[in-house]
Protein chains: 2
Amino acid sequence: MLADALISLLGPEKVSTAQDILETHSIDKWHASNLPEAVVFAESTEDVAKTLQYANEHNIPVTTRGAGVGYVGGCVPTRGGIALSVMRMNKILDLAPMDGVAVVQPGVITGELQAAAREIGWYYPPDPASLKECSIGGNIATNAGGPRCLKYGVTRSYVLGLEVVLADGRVMRTGGRNHKNKTGFDLVGLMTGSEGLLGVVTEATLRIIPHPPTRSMVSATFDTFADAARAVQEILGGGILPSALEITDGFTLEAARNYLGRDALPAGDAHLIVELDGQVESVAREIQQLADRVRELGAVGLNIAQSDEECEAVWQLRRGFSYSLRATGLTKLNEDIVVPRSKLVELVAFAREIEADTGIAVACFGHAGDGNIHTNLMVDNYDDPEEKVKADAAVDQLFRWVIANGGAITGEHGVGIAKRQWFADAVGETSYAVHKQLKAALDPNGILNPDKVL
Amino acid sequence: MLADALISLLGPEKVSTAQDILETHSIDKWHASNLPEAVVFAESTEDVAKTLQYANEHNIPVTTRGAGVGYVGGCVPTRGGIALSVMRMNKILDLAPMDGVAVVQPGVITGELQAAAREIGWYYPPDPASLKECSIGGNIATNAGGPRCLKYGVTRSYVLGLEVVLADGRVMRTGGRNHKNKTGFDLVGLMTGSEGLLGVVTEATLRIIPHPPTRSMVSATFDTFADAARAVQEILGGGILPSALEITDGFTLEAARNYLGRDALPAGDAHLIVELDGQVESVAREIQQLADRVRELGAVGLNIAQSDEECEAVWQLRRGFSYSLRATGLTKLNEDIVVPRSKLVELVAFAREIEADTGIAVACFGHAGDGNIHTNLMVDNYDDPEEKVKADAAVDQLFRWVIANGGAITGEHGVGIAKRQWFADAVGETSYAVHKQLKAALDPNGILNPDKVL
């Protein structure tokens, strides 16, 4: 019946109840799943507005989704209802370097926008690891980050304007093509990262910047994680703001050597990537100076990558770390925690404690400059209920340590379902109450993405 | 009686009703004024919480103020009540390069924080022109910008965490020392730029970054504003992201030549500043290449400034433009409008139309890279009611053009009282309604900074 109503509202080609479609819209990359009653494939803002207005009047839950590659169950339709896909709204509407903006629909794949901007010499910096498959709408919903955010900032720093359909179907435009705008509250910011709880983004005006002509990279190994973490502090303290600054621990390196070959990486129990970008001659000289500095700081193995191609090869290797962990055959519980940068070493020491306590290996790697370390609990058999209980307890232990140490339980993936149980503790009582007040103000019937975050 | 109640709540040394104190707390740098009934000098978060709790219970308006140097009447206590000063809360609580953060109270002067960070080799980039007298609390309330925001972003990009006292006296902490944080809605962003309508900031954790070792600058004149605006586009299109990119029109230059001497500036009807920062040798070479490029683009006069000192001298000259306009003896109505960058030339052409229509000269200068141009209507005798009507009509004409052309009515100063009458048109009906909903959710009694923005 819901489907019938939606069909008469939108037409039959935009609504599906086919079992395979319901199934592909019941999940993301996390392990939760639940079938929606119907899937709506919106093709326009008007489609989204009609859908929400109807859903709001009839108290039907709506779970919006982009490419569905999130890590926290954020687009799982836990209460059935409507799965609202924006993936047919996938056009780059405008690419205007004279204004420094790109105007896109939410279903545009992030990597495609980057490529389109690159072709005309411009740059859309946010670079989540999934950029070849994730959508701008999903990036906005989670305020996605990536390695380059150290220098360039997260998705929020690039959203200048939004068109958002509110829970009751009203269409709101906020911000626009201006690079500065102090007109009222920061509704662009409120919507960005709101994980589908406050509205549905139907168009985004994004900031693009001049593409730095080149980049280069130092890739180095160190005897210990503490040595690599110290190098991070010294590099930043020396007046250098790298475009990326990535650290990897010994467990991950060992898995990489097993999977990619012993020669893929020089010896050492920690790995550091430092990427610089800018003008060609400047970067050529700065990368040599940086390499000298990294050697002084105790690197035991060191390579320099110059040009886009060589840098991409290192990033390819780096992405291989993730596959190497998967190739261990263990289940990888990837927690994208953040700690104040001075606590990197303590975090990894605590990971070793968890290992000792529980027998579950912990692989740490990630964005050292931001303190955003993907902490992967490597679980032998997560389907075994006993193992699962143990693993979940270890995750709980990790999150409690993070909260107690002034860290954040998520730096990039969002809260969704996965981290909901720690959310109230993480933000504290007053902030939690304010979240509830804002949600009630903008979605009084609670139809938008129920069971997530709050 | 209000004062008595406040004294028994806070103690006599934190409350004043002295006429001179009431008067200094009745204004900012705009022309509106109204006396508060009492001034509270909060010394702690607890003082602020007690004050707001009391005010909320008794429906007393509270107008929070920092250094009081705003341009839109934002801290004028239009309904009397309490003027709540946070200027005694003026400590830098922590400066921690290992975490890349500074923790400050709201009364800290922006320039003092910059100097303290600079001393240890670190950098707090936001640089409003008033940085020697404005406070961090005011910067957060207005999401202050400045020339460097082109490369480094506005205040919002540097606020990692806030302690905020809500209208009812509850104390909320949100965000913290982490450089990434996707835990819930962006309450830090919602509070930043909310002009005192949603809460009172009592502590801020700010991001600091490695200080670029040097900077240099090209300062050039062009025959026409259009030539200079074209140079802006070509510089950005060539893969360069300057740390500042400032443009000035002929009226302003003429005033500067009259005030500072004919030799202060080379010939030409438009002026451009392009600043680069980074590593010493890189900047030394890049600035020469940039100078060559700027000459190719038609510069008729050109100077290169190297080192901090030489650059500061150019900025000093640039600040002199503002004084030169004041020295004309005319009243300067400074409107910090923003246009999409491609419309810089159209904006200045429209300014010339206003001049022709009204006889009021219009001086344009500002942040060309952002499209954020301070458009100054130079009024002969603003105290003359007839002149005032004419000038106000010209401002109205300007704002209507800005709104019709997809611009923003304020890029840095905020809405306050000054731009309130255009606010609803500027943001549109739905956004306006959402502003009201959010305000009602967080300040149901409407005690916080009434008569501003909404």
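We name chains A, B, ... by the order of the sequence lines, and we start the count at 1 in each one. Note: hydrogens, waters and symmetry copies are ignored here, and every other heavy atom, side chains too, is used. What you see is a predicted model, and the numbers here were worked out from it, not measured in a lab.
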Check whether [X] gets within reach of chain B through its side chain, its backbone, both or neither, counting any heavy atom under 4.5 Å.
X: A:L166; answer: side chain
X: A:P97; answer: backbone
X: A:Q233; answer: side chain
X: A:W122; answer: side chain
X: A:E195; answer: side chain
X: A:V171; answer: backbone
X: A:L344; answer: neither
X: A:I240; answer: both

Straight-line distance of [X] [atom1] to [Y] [atom2], nearest 0.5 Å:
X: A:I337; Y: B:T183; atom1: CD1; atom2: OG1; answer: 11.0 Å
X: B:F185; Y: A:T192; atom1: CZ; atom2: OG1; answer: 12.5 Å
X: B:I209; Y: A:L150; atom1: CD1; atom2: CG; answer: 9.5 Å

Legend entry - Lys/Arg-Asp/Glu bridge criterion (N-O < 4.0 Å) met for A:R341, B:D99: no
What residue in [options] has the most heavy-atom pairs under 4.5 Å with chain A?
options: B:G175, B:G184, B:G100, B:G145; value: B:G184
options: B:V154, B:V453, B:L198; value: B:L198
options: B:R177, B:Q437, B:H367; value: B:Q437
options: B:L236, B:N372, B:L190; value: B:L236
options: B:G369, B:G407, B:A440; value: B:G407

Taking all atoms of both residues into account, what is the closest heavy-atom pair of [X] and [Y], and its distance?
X: A:C149; Y: B:K180; value: CB-CE, 3.8 Å
X: B:A441; Y: A:A441; value: CB-CB, 3.9 Å
X: A:D186; Y: B:G189; value: CB-O, 3.5 Å
X: B:S431; Y: A:L187; value: OG-CD1, 3.5 Å

Inset, instruction - May I ask you to decide if A:G406's main-chain N or O and B:N178's side chain share a donor-acceptor pair within less than 3.5 Å? - result: yes
Legend entry - Side-chain donor or acceptor of A:T430 paired with backbone N/O of B:R170 under 3.5 Å: no
Legend entry - Results of side chain to side chain donor-acceptor pair (under 3.5 Å) for A:R118 - residues two or more places apart only: A:H211
Inset, instruction - Determine the option with the most heavy-atom pairs under 4.5 angstrom with chain B, choosing from A:V283, A:T142, A:V164. - result: A:T142
Legend entry - B:E286 and A:S282: side chain donor to acceptor below 3.5 Å: yes
Inset, instruction - Using distance alone, with no hydrogens and no angle criterion, decide if B:K182 and A:N143 have a side-chain donor and acceptor under 3.5 Å apart. - result: no
Inset, instruction - Against chain A, label B:E429 side chain, backbone, both or neither, depending on which of its atoms sit under 4.5 Å from a heavy atom there. - result: neither
Legend entry - B:L197 portion near chain A, given a 4.5 angstrom heavy-atom threshold: side chain
Legend entry - Test log, rule side-chain contact (heavy atoms from CB on, under 4.5 Å), inputs A:L438 and B:L442: CA-CA 8 Å; A:L438 295 174; B:L442 295 183; 4.2 Å; yes
Legend entry - Heavy-atom neighbours of B:F423 CZ exceed 12 at 6.0 Å: yes
Inset, instruction - Using a cut-off of 6.0 Å, state whether more than 12 heavy atoms not belonging to B:Y123 lie near its atom OH. - result: yes
Inset, instruction - Quick one: list whatever passes salt bridge (Lys or Arg N to Asp or Glu O under 4.0 Å) with B:R285, sequence neighbours left out. - result: A:E281
Legend entry - Validation row: A:M172, B:V434 side chains within 4.5 angstrom (heavy atoms): yes
